[in-house]
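If you read the sequence from its start, that first residue is 1, and numbering goes on from there. One-based numbering, in listed order, for ligands and for the atoms of each.
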Amino acid sequence: MSTRAPSPGVAPGAGDAFPAGTAVPLVVRTVPLEPVPDDASSAPLVDLLPRDGALTWLRGGDGLVGWGTAAVVSTAGADRFRDAEEWWAATTARAVVRDEVGVHGSGLVAFGSFAFADEPGTSTLVVPRVVVGQRGRQRWLTTIGHDSIGMPGLRVADEPAAPDGLRFDRGAVDEDAWRAVVADAVARIEGGELDKVVLARDVVARTDAPLDVRWPLRRLVEAYPTCWTFHVDGLFGATPEMLVRRERGLVTSRVLAGTISRTGDEVRDAGLAGELARSSKDLEEHEYAVRSVADALEPHCSSMNVPESPFVLHLPNVMHLATDVTGVVPDDVDHATSTSLGLAASLHPSAAVGGTPTPVATRLIAEIEGMDRGRYAGPVGWMDAAGDGEWGIALRSAQVVPEGDGSVVRLFAGCGIVAGSDPDAELAESQAKLQPVRQALGHR
Ligand SMILES: C=C(O[C@@H]1C=C(C(=O)O)C=C[C@H]1O)C(=O)O
């Protein structure tokens with residue numbers, strides 16, 4: 001685990017190294033901002049983001065944006081969640097917080113993104129210097145520093161530049177090879193090795209100048225208002241799947257599995273939605289995912305509601321079978337494992353991104369997928385000092401890294417494979433799932 005925190009007064013994102021465990025208390029203040037007017041005249045939160053160090057968690061106008069780094073931790077390996085959780089507990093214990101708003105997301109918060117696999121990959125929790133939040137018409141501003149810092153003036157940021165020289169290339173495994181990997185998985189499922197495995201692939205985009213991530217973020221926020229648009233440390237996307245949300249003891253999870261592409265023709269799409277809701281292959285795939293979430297949440301909850309049949313979630317590119325699982329976490333349970341991050345750790349990887357049984361599926365992914373998922377399909381979101389927060393599954397996403405004078409952007413998509421899955425249909429499904437980020441980058 002490595003930690004650092006910048007000294008007071010430095011530019012957001014810059015930072016001196018602090019040795020792990022240095023007890024520098026964070027000074028946190030949240031104040032209310034003017035309420036959002038009815039006439040949609042105020043800028044959406046995403047428009048406030050500066051170019052560097054932007055952090056994002058937004059859905060339909062609500063959510064959090066942040067920038068700068070007050071403190072950060074990196075963790076890795078099988079203990080990545082536990083180590084991050086311990087660091088957060090120590091950081092929050094010594095923080096001095098004055099929160100004049102007192103809603104879900106005000107006060108001290110960290111944004112986080114966790115690796116899919118135990119190995120390889122690194123995970124991170126970032127405490128921003130500035131957070132702006134919105135819930136309905138309510139808005140607030142939080143500042144976080146190592147001494148009392150002034151309230152920054154908020155203004156709409158400059159218009160981000162479109163990706164320069166954008167081009168797409170194959171990823172780690174080409175399309176033919178990926179179809180063969182899917183066929184191999186189907187044979188193993190039909191041979192009785194496992195019930196379900198989720199296999200993913202990547203596509204690589206390159207740009208001639210460093211990608212300004214605010215370009216795709218603004219487009220994702222607009223095109224996918226019912227998804228959670230996120231950005232943490234170069235991983236961005238718009239996910240429809242909520243791994244776990246905890247607000248004052250109420251826990252919810254939106255489970256997705258079972259997918260059909262949309263055609264754009266309303267009548268045909270209505271027919272396809274009906275087909276999806278009756279498809280025994282998709283219902284079976286969905287049931288595995290719901291079971292895995294319900295089983296993982298059960299030990300933490302005093303009561304739970306698991307609907308018997310899914311509904312169809314309509315997104316602009318695809319439709320999914322969806323189930324909202326809810327539960328109540330009693331006050332007296334072990335705090336360390338029932339924070340939103342602790343719950344995310346027990347749920348990850350659900351059968352929506354791993355498979356059934358989980359250990360067999362994750363071994364098979366490592367053996368045949370031929371790609372490092374990094375933080376794709378891992379938990380991404382935020383948490384507050386009380387352990388409330390929201391952790392989505394980092395789907396419909398991409399990872400940006402610098403390369404030469406430009407950026408490399410790896411886009412990811414995966415599909416649940418069960419007995420009877422057809423490699424061609426799964427390839428087409430993965431293409432539909434790549435569409436949100438492709439289009440947000442400016443590629444039609
Ligand atoms: C793995 C992904 O999506 C998951 C797989 C789904 C499926 O196979 O039907 C549906 C939603 C997600 O749970 C992805 O988008 O990359």
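Considering both main-chain and side-chain atoms, G414 comes within under 3.5 Å of ligand 1 through a nitrogen or oxygen pair. An N or O contact shorter than 3.5 Å links G416 to ligand 1 by distance. Below 3.5 Å of separation, one finds an N or O of G258 facing an N or O of ligand 1. Ligand 1 has no N or O atom lying under 3.5 Å from any N or O atom of V198, backbone or side chain. Geometrically, ligand 1 and H320 share no nitrogen or oxygen pair separated by less than 3.5 Å.
Between the side chain of K196 and the backbone N or O of A351 there is at least one donor-acceptor pair closer than 3.5 Å. R80 places a side-chain N or O within donor-acceptor distance of the main-chain N or O of G77, the cut-off being under 3.5 Å. R375 contributes no side-chain N or O that, together with a main-chain N or O of S123, makes up a donor-acceptor pair within less than 3.5 Å.
In this structure, R219 forms a cation-pi arrangement with W215, its terminal cationic atom sitting closer than 6.0 Å to the ring centre and no more than 45° off the ring axis. Judged by a 6.0 Å distance limit and a 45° cone about the ring axis, R438 is positioned over the six-membered ring of F168.
Of the protein's non-hydrogen atoms, the one nearest atom 12 (C) of ligand 1 is E241 OE1, 3.2 Å. Closest protein heavy atom to atom 3 (O) of ligand 1: R396 NH2, 3.3 Å. For atom 9 (O) of ligand 1, the nearest non-hydrogen atom of the protein is T259 OG1, 2.4 Å. Here the protein heavy atom with the shortest distance to atom 4 (C) of ligand 1 is A352 O, 3.6 Å. Of all protein heavy atoms, the one lying nearest to atom 6 (C) of ligand 1 is K433 NZ, 3.2 Å.
Using a 3.5 Å distance cut-off with no hydrogens or angles, the side chains of R396 and T239 do not pair a donor with an acceptor. A side-chain donor from one of H320 and T259 sits under 3.5 Å from a side-chain acceptor of the other. Side-chain contact check for T339 and E85: at least one donor-acceptor pair (N or O, by modelled atom type) lies under 3.5 Å.
Using 4.0 Å as the threshold, H286 has no heavy atom nearer than that to any atom of ligand 1.
When each atom of ligand 1 is checked for a heavy atom of Y376 under 4.0 Å away, the hits are 1 (C), 2 (C), 14 (C), 16 (O). Counting atoms of ligand 1 from 1 in the listed order, those under 4.0 Å from a heavy atom of A413 are 16 (O). Close contacts of ligand 1 with L395, meaning ligand atoms under 4.0 Å from a residue heavy atom, involve 1 (C), 2 (C), 3 (O), 12 (C), 14 (C), 15 (O), 16 (O). Atoms of ligand 1 lying under 4.0 Å from any heavy atom of E285, numbered from 1 in the order shown and given with element: 7 (C), 8 (O), 9 (O). Counting atoms of ligand 1 from 1 in the listed order, those under 4.0 Å from a heavy atom of C415 are 8 (O). Each of the atoms 7 (C), 8 (O), 9 (O) of ligand 1 lies under 4.0 Å from some heavy atom of E429.
Within 6.0 Å of atom CD in E298, 12 or fewer heavy atoms from other residues, nucleotides or ligands are found, so the atom counts as exposed in its surroundings.
With a 4.5 Å cut-off on side-chain heavy atoms, R363 and E193 do not count as touching. P310 is listed as a side-chain neighbour of L283, based on a closest heavy-atom distance under 4.5 Å.
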